[in-house]
Trainee: 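Just dropping this structure here.
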Amino acid sequence: MSWQPFWLTAQLAALTTLLLLLLCIPLAWWLVWVAPARQRRRKVLVEVLCTLPLVLPPTVLGFYLLLAFSPASWFGHWLQQTFSLRLAFSFSGLVIGSVLFSLPFMLQPLLGGFRQIPAALIEASRCCGKSEWITLWRVLLPLSRPALLAGVVLSFAHTVGEFGVVLMLGGNIPGETRVASIALYQEVEALNYAAAHRYALALVVFAFVVLLGLRWLQQASARRQDRH
Amino acid sequence: MLQIHIEKSIGPQHQRQQLAIDVELAAGEVLALSGPSGVGKTTLLRLIAGLEQPDAGTIHFADTLWSDPANHYCLPTAKRRIGFVFQDYALFPHLTVTEQLRYGQRRTDPAGITYWLDRLELHAHRDHYPVQLSGGQRQRLALARALIGEPQLLLLDEPLSALDAGLRQDLQTLLTQIFLDRRITTVLVSHDAGEIFRLADRLLQLTESGPARLGTPTELLLGSLTPGRCTLHATVLALQPSAVMVTAVLSIGHDRITTLISPGEAASLHIGMSVLVELNGTSAVLRPHKAAT
């Protein structure tokens, strides 16, 4: 069993989680607190679009991304011509696919956390002369810590377990796109069940530890909030 | 100084009401808002703060335009330099008393924090979270957080309504001192006649039907109070005997009232004395304030 697929999986999951944090915090802030009432329809549309990967078969998303990133499409051609960037069957393309596919796993906990915060606290912050940015960092995020934690853990774990999008978009290139779930699939295809067991067991242990860790962190966070 | 000329449709969809306000406040003036529930007192504070937008009209403060919906203009709340004490205080649950005050400051000033901790008697609780404070301490913290940013306009939404009578008296005294010291233009929502007399220069009475009434607390409240409904703290300014009765001139908050009392009642009073005035329709019954006698 090679450790390279696990290292690649960890890199992909960490990068995806980081990008999702950067993307989803402002997005959730806009959806819950910033956009005025007249943009309600637009907000609903954005929220539905962002939730779509939750119910869509991963292969559907992978298929459309593959078409979009292919040098034969105008977008893929433009990326290659302008930035010399090839996203299909590359690690970069895999990161973009993972970010889109795991988006609801970060966004939904954040939306839930942000919506639980009383509006008066946000208004009080504005009355203290604080900008929206400071209000986000000093009031909203500290009070949404459990939701933020849940989003980080779920996104990371979901990316580790990703298969359909990775297979469609990245294929099976060792050191580039061959993550743990793909390596397991390849071993099964080759009828090499002993190696497949090792990959599978490692993923089961990882998932168990992650969920256990999440539970522990949530309890610790709840204890801290009780003290407040 | 503060010029409010606005209209706003308020209330649930099936029972819309029109809030129409035309009022101008001088610098340092304290305006009280009163009226039954749902007439728009809190909405008016929120409109002034920029937390809601009027349907029509304008709000100016010191010649600066704050709200003008006709031209889609709204100065953000954070730029209005206001202090707002919410009805439920809206204290940040994850910040200690000191951290809340630091957050309320518009520029870093540790001396300012010490000053307000001392002034509002919160020094012993400076490291406590809101959940560890009593109702009165939370109220004082909310007030300190609103004042520490050196606001040019103070908005108070029934700040003392949740407190018991003794605590309310203490905080009214504190607010009176702060208004005198700082001369901050203030809009205050209150249902308590005594509080209005004590704190406000003028009163805006909002009604469910018909236009809002604007006047001094004496003009608007004395004629409408029911017997035994209100007891006010006053100071005797003058006692002028006439043929049968004695005219007592009293100072109540920012107002002066005159009332006729019997020579027997007048015998127990002297100038400068603190008295309790029990309002009874348009007349008043005076008795010496125990604390002052």
Side-chain angles (χ1 to χ4, degrees), chain A residues 25-26 28-30 32-40 42-43 109-110 112-151 217-228, chain B residues 42 45-53 69 72 74-97 99-107 127-133 138 141-157:
Chain A
I25 288 174
W29 167 247
W30 178 77
V32 178
W33 292 110
V34 178
R38 64 175 181 275
Q39 291 186 9
R40 196 169 293 150
R42 197 181 304 173
K43 283 165 72 171
L110 275 181
F114 282 9
R115 282 181 178 136
Q116 277 182 359
I117 294 170
L121 294 184
I122 307 302
E123 291 173 349
S125 177
R126 289 171 181 159
C127 289
C128 286
K130 299 295 181 267
S131 66
E132 300 296 302
W133 185 244
I134 292 177
T135 301
L136 172 66
W137 282 106
R138 296 288 308 280
V139 178
L140 210 61
L141 288 182
L143 291 177
S144 309
R145 197 179 291 138
L148 202 62
L149 206 62
L217 284 171
Q218 279 175 333
Q219 278 176 343
S221 186
R223 275 199 298 274
R224 195 179 304 121
Q225 283 201 330
D226 283 347
R227 278 205 300 276
H228 291 181
Chain B
T42 298
L45 288 192
R46 293 174 60 79
L47 290 167
I48 297 169
L51 299 172
E52 286 185 39
Q53 275 299 289
H72 306 288
C74 173
L75 185 71
T77 301
K79 294 185 176 171
R80 294 189 182 203
R81 209 179 175 89
I82 54 167
F84 200 135
V85 176
F86 292 80
Q87 200 172 352
D88 60 358
Y89 312 142
L91 298 170
F92 304 118
H94 61 301
L95 299 183
T96 63
V97 169
E99 288 166 344
Q100 309 252 3
L101 295 188
R102 195 175 296 128
Y103 195 80
Q105 285 187 318
R106 285 178 167 81
R107 57 184 173 81
D127 296 325
H128 288 177
Y129 289 97
V131 77
Q132 298 169 300
L133 301 176
R138 283 183 208 183
L141 174 58
L143 190 61
R145 191 182 64 183
L147 287 164
I148 201 167
E150 295 168 6
Q152 51 185 357
L153 176 66
L154 191 59
L155 304 169
L156 309 173
D157 191 359

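Computed from a prediction, not measured in an experiment: that's the story for all the values here. Numbered from 1 within each chain, the chains take letters A, B, ... in sequence-line order.
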Trainee: Is there side-chain contact between B:Leu95 and A:Pro142, with at least one heavy-atom pair below 4.5 Å?
Mentor: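 Result no, sub-4.5 Å side-chain heavy-atom pair not found.
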Trainee: A:Ser125, A:Ala119, A:Ala120, A:Pro118: which one forms the most heavy-atom pairs within less than 4.5 Å of chain B?
Mentor: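 Option with the greatest count: A:Ser125.
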Trainee: Quick check on the interface: out of B:Gly149, B:Ala146, B:Pro151, B:Ala78, who has the most heavy-atom pairs with chain A under 4.5 Å?
Mentor: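 Heavy-atom pair counts peak at B:Ala78.
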Trainee: As an exercise, state the distance from CZ of A:Arg138 to CD of B:Glu99, rounded to the nearest 0.5 Å.
Mentor: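 If we round to the nearest 0.5 Å, A:Arg138:CZ and B:Glu99:CD are 7.5 Å apart.
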Trainee: Is chain A contacted by the side chain of B:Leu155, its backbone, both, or neither, given a heavy-atom distance below 4.5 Å?
Mentor: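 Neither the backbone nor the side chain of B:Leu155 comes within 4.5 Å of chain A.
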Trainee: Which atoms form the tightest heavy-atom contact between A:Thr135 and B:Tyr103, and what is the distance?
Mentor: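 Looks like CA-OH, 3.9 Å.
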Trainee: To the nearest 0.5 Å, what is the distance between OH (B:Tyr89) and CG (A:Leu121)?
Mentor: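 Those atoms lie 15.0 Å apart.
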Trainee: Which residue pairs satisfy the salt bridge (charged side-chain N to carboxylate O under 4.0 Å, His left out) criterion with at least one member in residues 127-136 of chain A, sequence neighbours excluded?
Mentor: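 Pairs touching residues 127-136 of chain A that pass the test: A:Arg126-A:Glu132.
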Trainee: What part of A:Ile117 gets closer than 4.5 Å to chain B, counting heavy atoms only: side chain, backbone, both or neither?
Mentor: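 Nothing of A:Ile117, per the 4.5 Å heavy-atom cut-off to chain B.
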Trainee: Below 4.5 Å from any heavy atom of chain A, which atoms of B:Arg81 appear? Answer side chain, backbone, both or neither.
Mentor: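 Neither part.
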Trainee: Determine, stepwise, if the pair B:Phe86 / A:Glu123 fulfils side chain to side chain contact (heavy atoms under 4.5 Å, CB included).
Mentor: CA-CA 10 Å; B:Phe86 292 80; A:Glu123 291 173 349; 3.9 Å; yes
Trainee: Please test A:Arg145 against B:His94 for side chain to side chain contact (heavy atoms under 4.5 Å, CB included), starting from the C-alpha separation and ending with a verdict.
Mentor: CA-CA 11 Å; A:Arg145 197 179 291 138; B:His94 61 301; over 6 Å; no
Trainee: So, taking the atom named CD in B:Gln105 and the one named SG in A:Cys128, what distance separates them when rounded to the nearest 0.5 Å?
Mentor: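 Taking CD in B:Gln105 and SG in A:Cys128, the distance rounds to 10.5 Å.
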Trainee: Which pair of heavy atoms, one from A:Ala124 and one from B:Ala90, lies closest together, and at what distance?
Mentor: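 Looking at all heavy atoms of both residues, the closest pair is CB-O, 3.8 Å.
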